[in-house]
**Q** 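Got a structure here, written out as structure tokens. Questions coming.
Any value given below was found using the heavy atoms of this structure, including those in side chains, with hydrogens, waters and symmetry copies removed. The chains referred to below are lettered A, B, ... by the order of the sequence lines, with proteins before strands, and numbering in each begins at 1. Remember, it's a predicted structure, so these values are computed and weren't measured experimentally.
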There are 2 protein chains.
Amino acid sequence: MTVAEDTAVSLAGHRVTAARRAVLEAMRATPGPFTVEDLCAALPGVGRATVFRTVKLLQEHDVLCRVVLEDGGVRYQLSTGGHHHHLVCSRCGGVQEFADPALDLLIQQNARAAAFALDGHSLELYGRCAACG
Amino acid sequence: MTVAEDTAVSLAGHRVTAARRAVLEAMRATPGPFTVEDLCAALPGVGRATVFRTVKLLQEHDVLCRVVLEDGGVRYQLSTGGHHHHLVCSRCGGVQEFADPALDLLIQQNARAAAFALDGHSLELYGRCAACG
DNA sequence: TTTCCTGCAAATGCTTTGCACGATA
DNA sequence: TATCGTGCAAAGCATTTGCAGGAAA
């Protein structure tokens, strides 16, 4: 699948423009999680505002997921799809995704116990990845 | 326990000043989670910078916990102590705390399965509280 | 051809910093 | 008295918005 093709899929109803394709390619070219600043630096021809607007658009379409660091900093990462959580390495800054139905179930049970109507949740684990030990 | 007393306890090694006492009292007087803006509005005699500095100080001493909203907004809340998670109501903005050892255990198991050395984690549940149904 | 998107620049809003004065231990 | 903390104002950043020109459908 080409970039143009899945961009069209992800952004159905929105125009496929050069700027959007460029932003998406820059995201793909970045190994780990990135900041808006990273994207801007890699895309000298694309305006800062456009990068922000594209990031917001992709988030709304679940193409991009927001990763909140321990210190409150924000990073983004192309979503591998579906519901998942993050393992954020405090040394190399890398982010792994993981999913665990049992965990989600337990979260739902806690919400129910508190008479809370759950819409969604966010779980971030902080520590050192295998490589950083 | 008076404000002065537990301020002294929480901030051991730091001076107990009128501004810090005032900030802490304003926090106690606020029912739900608050923003720095809320505190400043309630404390016309205390400088904005001091409120920010005090909030940071209290966070470092685990007196105050940061609550990240679904849209990325930040609120603060006096910690009831110990490890816990948050139930954030998207209607009234209220935040309940809860803790579940089984959940923490499952989180640790997931980290171990990913060969990840866990330092800490953050879990926020979003939805409607019992009152907002 | 109509509507949507873009770059630029200015505006915002939140948070931090520099500094001289005042308070605390 | 020696530090540490404070208020004020200015600086810093990250993000958003207004707008006129240009591109996509």
Side-chain angles (χ1 to χ4, degrees), chain A residues 2-27 33-61 63-77, chain B residues 2-27 33-61 63-76 93:
Chain A
T2 67
V3 170
E5 278 166 0
D6 62 15
T7 300
V9 169
S10 325
L11 301 180
H14 295 272
R15 293 183 179 170
V16 177
T17 65
R20 288 176 176 168
R21 261 191 300 248
V23 171
L24 209 42
E25 283 188 35
M27 290 173 175
F34 45 80
T35 60
V36 170
E37 186 51 43
D38 294 334
L39 295 176
C40 289
L43 297 163
V46 179
R48 210 176 193 69
T50 298
V51 173
F52 273 100
R53 286 184 280 230
T54 305
V55 162
K56 175 179 280 186
L57 183 67
L58 293 177
Q59 267 191 99
E60 288 164 356
H61 286 259
V63 175
L64 202 60
C65 59
R66 164 196 291 256
V67 182
V68 178
L69 272 46
E70 205 160 10
D71 66 1
V74 176
R75 295 286 182 288
Y76 296 95
Q77 193 171 254
Chain B
T2 68
V3 170
E5 279 165 0
D6 61 13
T7 301
V9 171
S10 323
L11 301 182
H14 294 272
R15 293 182 180 172
V16 177
T17 65
R20 286 176 177 168
R21 264 191 299 249
V23 172
L24 209 41
E25 283 188 33
M27 289 174 175
F34 44 79
T35 60
V36 170
E37 185 51 42
D38 294 335
L39 295 175
C40 290
L43 297 163
V46 180
R48 207 176 194 70
T50 299
V51 174
F52 273 101
R53 284 184 282 230
T54 305
V55 163
K56 175 179 279 188
L57 185 67
L58 293 177
Q59 267 191 99
E60 288 165 355
H61 287 257
V63 175
L64 201 61
C65 59
R66 167 197 288 255
V67 182
V68 178
L69 272 45
E70 205 161 8
D71 67 1
V74 175
R75 295 285 182 288
Y76 296 96

**Q** Give the B/S/- string for nucleotides 11-21 of chain C, one per nucleotide from 5' to 3', where a protein heavy atom under 4.0 Å of the base yields B, of only the sugar-phosphate yields S, and otherwise -.
**A** ----BBBB---
**Q** If a pair satisfies salt bridge (Lys or Arg N to Asp or Glu O under 4.0 Å) and one of its residues is in residues 49-58 of chain B, list it, with sequence neighbours excluded.
**A**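 Output for this query is empty, none listed.
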**Q** Please find the pair of heavy atoms, one from B:Pro33 and one from B:Gly93, that lie closest to each other, and give the distance.
**A**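 That would be CG-O, 3.3 Å.
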**Q** Only counting residues at least two apart or in another chain, list the ones meeting side chain to side chain contact (heavy atoms under 4.5 Å, CB included) with A:Arg66.
**A** A:Gln59, A:Val68, A:Val74, A:Tyr76
**Q** Would you say that B:Leu24 contacts B:Leu58 through its side chain, given a criterion of any heavy-atom pair below 4.5 Å between the two side chains?
**A** yes
**Q** Is there a residue in residues 39-46 of chain A whose heavy atoms reach under 4.0 Å of DNA chain C, and which residues are they?
**A** A:Gly45, A:Val46
**Q** Identify the 5'-most and 3'-most nucleotides of DNA chain D with at least one atom closer than 4.0 Å to a non-hydrogen atom of chain A.
**A**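 Footprint of chain A along DNA chain D, 5' to 3': D:dT15 to D:dA25.
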**Q** Please state whether the phosphate of C:dC4, meaning OP1 or OP2, lies under 4.0 angstrom from any side-chain nitrogen or oxygen of A:His14.
**A**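 A:His14 to C:dC4 OP1/OP2: no side-chain N or O under 4.0 Å.
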**Q** Counting distance alone, no hydrogens or angles: does the base of C:dC5 have a donor or acceptor under 3.5 Å from a partner atom on the side chain of A:Arg15?
**A** no
**Q** Hey, what bend do you get for the helix from C:dT1-D:dA25 to C:dA25-D:dT1 if you fit axes on five pairs at each end, rounded to 10°?
**A**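 Computed from the C1' atoms at both ends, the axes differ by 40°.
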**Q** Taking only N and O in the side chain of A:Thr17, is any of them less than 4.0 Å away from OP1 or OP2 of C:dC5?
**A** no
**Q** Could you walk me through whether A:Phe34 and A:Leu64 pass the side-chain contact (heavy atoms from CB on, under 4.5 Å) check?
**A** CA-CA 11 Å; A:Phe34 45 80; A:Leu64 202 60; 3.8 Å; yes
**Q** Quick one: which residue pairs count as a side chain to side chain donor-acceptor pair (under 3.5 Å) with a foot in residues 34-47 of chain A, not counting sequence neighbours?
**A**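 For residues 34-47 of chain A: A:Thr35-A:Asp38, A:Glu37-A:Arg48.
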**Q** Looking only at heavy atoms, what is the nearest atom pair of B:Ala22 and B:Leu43, with distance?
**A** O-CD2, 3.6 Å
**Q** Side-chain contact, heavy-atom cut-off 4.5 Å: B:Val16 with B:Arg20?
**A** no
